2 protein chains.
Amino acid sequence: MPSKPAPPITIDAVYAAPGYLFRRMQQIAVSIFMEECKAFDLTPVQYAALIAIHTHPGIDATRLSAVIAFDRSTLGSVIERLQAKDFIERKPAPEDKRIKLLYLTKSGAAILREIIPAVERAQARMLEPLKPADRKALMGLLVQLVDLNNEASRVPLRAEDALEHLGKGG
Amino acid sequence: MPSKPAPPITIDAVYAAPGYLFRRMQQIAVSIFMEECKAFDLTPVQYAALIAIHTHPGIDATRLSAVIAFDRSTLGSVIERLQAKDFIERKPAPEDKRIKLLYLTKSGAAILREIIPAVERAQARMLEPLKPADRKALMGLLVQLVDLNNEASRVPLRAEDALEHLGKGG
DNA sequence: CCTAGATCATCAGTATACTGTCAATCAACA
DNA sequence: TGTTGATTGACAGTATACTGATGATCTAGG
């Protein structure tokens, strides 16, 4: 039985590597998102944050970072920008002076309703080159892989963390 | 025939969106890469740049950005860091004063040989949670999708650009 | 009550990404 | 030959990501 040959040090090996393909696809996805949504001045990250705050009004920044699996440090500046655009507001929590609670403003709720069709178009465009059956297969595999690799990332997704702020007695 | 229902504005819709999954998978891939390669002080981008320079010695920065589909502006600082670590060197092109040609140093060639096993481990770990058949299926679909969406990104891959510096008379 | 450990927000530092601009240089053409 | 247009490298500005540190605050235990 011949042993596996040493991989060649060429750029073609990189083109077929999972890490390269994931990076490339992410670049493409962001590019398509920005193109479809350029009228709204919202990045993909800002959009996800708005959706999460809409789903969990009164969430704090640390829990928000767990709910969308975004880096906590980065999220600070994302929140600042959303606040500067008057899409969200921060209110100090009465029972805990460390925490600032996040809420959508009317502008934030409005832009969320308006941007949805553009976001849907963007998501559809990302997969458009594939046949419908292949789109389903790819999404199914990706959902699995992201879920099974959840702990591998420094900021794992903790969707259930969002519930904590509703009542600590749970 | 009922019209498609309006998508709900909830975080669960985001979890299943292609754009979110690509971003998440990219985060996971970088995290795994950095973990496996932490002994070498090389990022995924720096690794890809080194491989490309190894494959195309004497390439210039603009062509390099086309060959690995990385942003040209960002690549400037990537090159600076690689040069600071003494992994590459830049030589002015005798026939064109605008261009600086990129070459691996001995250190650069050495670290490339040494890091390959760690990179292979990282790439394998990214797909490890899937069954072997599913890994193949996912990679096949991703290669297709990235290729078919190549023009959608601001910096499309132009692998053939690398050949130009070898002889403009082609 | 007071301290030890945990939690929250913030900041400093590094590394990707992308947009847009600029000067130096080159190539092509009138 | 002199000018136009394209190319190259560099830079400024914005936005994500991650690491690590810090101070304010809360909770638990003594």
Side-chain angles (χ1 to χ4, degrees), chain A residues 19 22-24 26-35 38 41-49 59-66 68-85 90 92-102 153-156 161 164-165 168, chain B residues 19 22-24 26-35 38 41-49 59-66 68-85 90 92-102 153-156 161 164-165 168:
Chain A
F22 291 135
R23 170 182 303 272
R24 194 82 189 87
Q26 217 267 320
Q27 287 177 342
I28 291 167
V30 170
S31 178
I32 291 176
F33 184 103
M34 295 304 282
E35 200 174 312
K38 61 170 174 267
D41 188 31
L42 266 192
T43 67
V45 167
Q46 290 168 12
Y47 168 77
I59 198 172
D60 62 279
T62 295
R63 250 165 278 281
L64 178 60
S65 89
I68 52 185
F70 286 167
D71 180 75
R72 176 62 187 89
S73 294
T74 308
L75 196 56
S77 54
V78 173
I79 287 172
E80 255 179 38
R81 284 184 279 273
L82 286 175
Q83 197 173 14
K85 293 177 191 173
R90 316 178 73 176
E95 78 284 1
D96 190 335
K97 290 175 189 168
R98 294 170 303 177
I99 296 178
K100 297 177 184 173
L101 306 178
L102 301 170
S153 71
R154 175 87 194 295
V155 188
D161 276 18
E164 288 184 20
H165 73 292
K168 310 230 170 162
Chain B
F22 291 135
R23 170 182 302 273
R24 194 84 189 86
Q26 217 267 322
Q27 286 178 344
I28 291 166
V30 171
S31 177
I32 290 175
F33 184 103
M34 295 303 282
E35 201 176 311
K38 61 171 176 267
D41 189 29
L42 266 193
T43 68
V45 166
Q46 292 169 11
Y47 168 76
I59 198 172
D60 64 278
T62 296
R63 251 165 277 282
L64 178 59
S65 89
I68 50 183
F70 288 168
D71 180 74
R72 174 64 187 86
S73 294
T74 307
L75 196 56
S77 54
V78 174
I79 288 171
E80 256 179 39
R81 283 185 279 273
L82 285 175
Q83 197 173 13
K85 293 177 192 173
R90 315 179 73 176
E95 78 283 2
D96 190 334
K97 290 176 190 167
R98 295 170 301 177
I99 295 178
K100 297 178 184 174
L101 307 177
L102 301 170
S153 70
R154 174 90 193 292
V155 188
D161 275 19
E164 288 182 22
H165 74 290
K168 309 230 172 165

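Lettering follows sequence order; numbering is per chain, from 1. What you see is a predicted model, and the numbers here were worked out from it, not measured in a lab.
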NA contact type, A/Val30, heavy-atom cut-off 4.0 Å: base, sugar-phosphate, or nothing? nothing
Gap between atoms [atom1] and [atom2], on [X] and [N] respectively (whole Å):
{"X": "A/Met34", "N": "C/dG20", "atom1": "CE", "atom2": "P", "answer": "11 Å"}
{"X": "B/Phe33", "N": "C/dA15", "atom1": "CZ", "atom2": "C1'", "answer": "13 Å"}
{"X": "A/Asp60", "N": "D/dC26", "atom1": "CG", "atom2": "C1'", "answer": "14 Å"}
{"X": "A/Ile79", "N": "D/dA15", "atom1": "CD1", "atom2": "P", "answer": "15 Å"}
{"X": "A/Leu75", "N": "D/dA15", "atom1": "CG", "atom2": "P", "answer": "14 Å"}
{"X": "B/Leu42", "N": "C/dT16", "atom1": "CG", "atom2": "C1'", "answer": "15 Å"}
{"X": "A/Leu101", "N": "C/dC8", "atom1": "CG", "atom2": "C1'", "answer": "12 Å"}
{"X": "B/Gln27", "N": "D/dT16", "atom1": "CD", "atom2": "C1'", "answer": "9 Å"}

Hey, which sits more toward the 5' end of DNA chain C by its nearest nucleotide, B/Pro44 or A/Ser73?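 With A/Ser73 and B/Pro44 compared, the 5'-side residue is A/Ser73.
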Starting at the 5' end of DNA chain C, which residue's closest nucleotide do you reach first, A/Arg98 or B/Thr43?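 Checking each residue's closest nucleotide, the 5'-ward one belongs to A/Arg98.
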Counting side-chain heavy atoms from CB outward, which of [options] is closest to [X]?
{"X": "A/Glu80", "options": "C/dT25, C/dC18, C/dC11", "answer": "C/dC11"}
{"X": "A/Ala61", "options": "C/dT16, C/dA9, C/dC26", "answer": "C/dA9"}
{"X": "B/Ile99", "options": "C/dA9, D/dG9, C/dT16", "answer": "D/dG9"}
{"X": "A/Asp71", "options": "D/dT8, C/dT16, D/dC18", "answer": "D/dC18"}
{"X": "B/Lys97", "options": "D/dG9, C/dT25, D/dT25", "answer": "C/dT25"}

Ignoring backbone atoms, establish whether [X] has a side-chain N or O less than 4.0 Å from OP1 or OP2 of [N].
{"X": "B/Arg81", "N": "C/dT14", "result": "no"}
{"X": "B/Arg63", "N": "D/dT8", "result": "yes"}
{"X": "A/Arg72", "N": "C/dC8", "result": "no"}
{"X": "A/Gln26", "N": "C/dT16", "result": "no"}
{"X": "A/Lys100", "N": "C/dT10", "result": "yes"}
{"X": "B/Arg90", "N": "D/dG9", "result": "no"}

Side chains of [X] and [Y], heavy atoms from C-beta outward: is any pair under 4.5 Å?
{"X": "B/Val45", "Y": "B/Phe70", "answer": "yes"}
{"X": "A/Val30", "Y": "A/Thr43", "answer": "no"}
{"X": "B/Leu82", "Y": "B/Leu42", "answer": "yes"}

So, under a plain 3.5 Å distance rule, would you say the side chain of B/Thr62 forms a donor-acceptor pair with the base of D/dG9? no
Does A/Ser31 make a side-chain donor-acceptor contact with the base of C/dC18, cut-off 3.5 Å?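 Flag unset: no donor-acceptor pair detected.
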Which heavy-atom pair separates A/Ile68 from A/Ala48 by the least distance, and what is that distance?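 Reported closest heavy-atom pair: CG2-O, 4.0 Å.
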In chain order, what residues pass the side chain to side chain contact (heavy atoms under 4.5 Å, CB included) check against A/Ser73, with sequence neighbours excluded?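 Checked A/Ser73 against side chain to side chain contact (heavy atoms under 4.5 Å, CB included); matches are A/Asp71.
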I'd like to check the side-chain hydrogen bond (donor to acceptor under 3.5 Å, both in side chains) partners of A/Gln26; sequence neighbours left out, ordered by chain and number.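 For A/Gln26, no residue satisfies side-chain hydrogen bond (donor to acceptor under 3.5 Å, both in side chains) once neighbours in sequence are set aside.
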